[in-house]
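Everything below concerns the one structure shown next.
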Amino acid sequence: MNNTKKLSDLLRARFPYIYIATYEETRATKFIKNIVTDEKQIKFVRDVFVWTQAGGLKTDEKVIANTTSPNKLIEFIEKYDKDSLFILYDFHVFFGNKQRPADAAIVRSLRDLIPTLKANTVRKNIIFISPELNIPDTLQKDIAIYDFSLPKLEDIKAHLNKMILTNKRINVSNLTEDDKDKLCKAALGLTMQEAENAFALTMVNNGKLDKDDIGIILEEKMQVIRKTGMLEYVESDLGINDIGGLDNLKKWLLKRSNAWSERAKKYCIPAPKGVLVTGVPGCGKSLTAKAMSTIWQLPLLRLDIGKIFSGIVGSSEENMRKAISTVEAVAPAILWVDEIEKGLSNSCSNNDSGVSSRIFGTFLTWMQEKTAPVFVIATANNIDRLPPELLRKGRFDEIFFVDLPTLKERKEIFKVHLERRLKDEEVCADVKPDDEEFISSLAKMSEGFIGSEIEQVVISALYDAFFENRALKPDDFFKAIKNTVPLSQTQKEQILSIRNWANVRAVCASSRENIEMYKTLGIGESENLDVNASRGGRRLDV
Ligand code: ADP
């Protein structure tokens, strides 16, 4: 639900300027008019004017002559002596951006108007509605931003019902109320216009509307989400069995699946907010994000935070807000912020007049206060670059550290990849994916290997056999292991340093049992003792 109270509070608190960044000017205008013309919602009912550069000022009844120019408009507002609200469309064009400067005279007039708007005699506010969030620096402190949410399920359903009623030729005989709900849920995350277009597309397709049309709506939604340029719908069929090791992390996630269900409400458990997964690259952080979507049966949206921060300054704030509101509209959903450090480290630099730190602030506040069922999984390789604010209590439910896989974990990872690829009987005549002894020797030999290197060993062995057009041999694997110089050797220092960091701040993604067995076996006392003998992360069971 759009927060009616918040907007009426902003109006009553005499905020001179309110900015709503949305494409949905008609829906937003209707929403505002409902508030300011209803005594129950606002104490002093206002006259409402809408302005466009082409048409000037208009009320529902009349056009105000000679108000198309912004100067004349401002003059009119200044002189108007009744409680009123002025909604200005597309005023951002006077506010400048990276390519063009702001219209200094208009910006100055707006600043001069503030005392009039704040005066106690009559209540007047101005609301800017624009598809772009674009505020000149000199007005930053005088403009409040109001987040107008995308349509909710009940709004979409009401709209669909209206479409069905007005379009008598559409056959809806197979459409149950339950199907209708599903179609509308699929349209969450779209503006009302986009939802209408998607429904219209399904209708023209075959003249009927039924549950089979969900696919078309989801496809439209993916297009729209893709168009944001920052969010990507990640489709994955990876499940819990595709992750070798990381038992602690897996258990934590499994415990929280269905945390938004009706049954969970009975236990009064707080909805999980999010998890930060850090650690050695190539050890399964992204894999975990993808598998989570399957385990929790929720859509996974990947946010390219680097794109937001490195984007054209000025529109970046709007991008972040848009991304957040799209994810919230799709909720319940998982938001995957991949390589979060890449974007956030910009916020510490001062070379973009504070835009990055404002965006970072928006994201942190949202993380802390969000009420929509959006679970954030943030992944990071380079923890040095994470700002301390991100790690404060209350942001994430837990911070996990993914270390080099232990012996038992390497066995599991080998098993995952052998089972995935060794399918053909002829090719695997001499190598069985369930041969425990063989897998044990691979795991022992690959000490210090990360998950992706283990996957590469399997792929490389397969290529050797394929190239020579013969069945796989155990030797293909042993050779591939010997030929690999693992990251744990080439980046020993970095691994040791993130491990030190994790010892204080993070929980180990591998289980206690796994690590203790590893220690008892004394593995790791061979070539690179310091990297492999100890593990990073507090060893807590979850
Ligand atoms: P990162 O930790 O850098 O996000 P990824 O999750 O992208 O690493 O891992 C790269 C690939 O390596 C995965 O797609 C997967 O095939 C393999 N891999 C890494 N860790 C594991 C693991 N624990 N179990 C199974 N496969 C793994």
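All figures in this text were calculated on a predicted structure; none of them were measured in a lab. As a basis for the values below, the full set of heavy atoms in this structure was taken, side chains included, without hydrogen atoms, waters or symmetry mates. Atoms within a ligand are numbered from 1 in the order they appear, just like the ligands themselves.
Side chains of T191 and E194: a donor-acceptor N/O pair is present below 3.5 angstrom, by distance only. For the residue pair S510 and E409, a side-chain donor N or O sits within less than 3.5 Å of a side-chain acceptor on the partner.
Here the rule is side chain to side chain donor-acceptor pair (under 3.5 Å) with R321, and of T362, D147, T22 only D147 fits it.
Closest heavy-atom contact between I498 and N381: CG2-O, 4.2 Å.
Both tests hold for K370 against W366: distance to the six-membered ring centre under 6.0 Å, angle to the ring axis within 45°.
Contact residues of ligand 1 (protein heavy atom closer than 4.0 angstrom to a ligand atom; sorted by chain and number): D242, I243, G244, P281, G282, C283, G284, K285, S286, L287, I413, H417, G451, S452, E455.
Residues F414 and F477 keep their aromatic ring centres 6.0 Å or farther apart.
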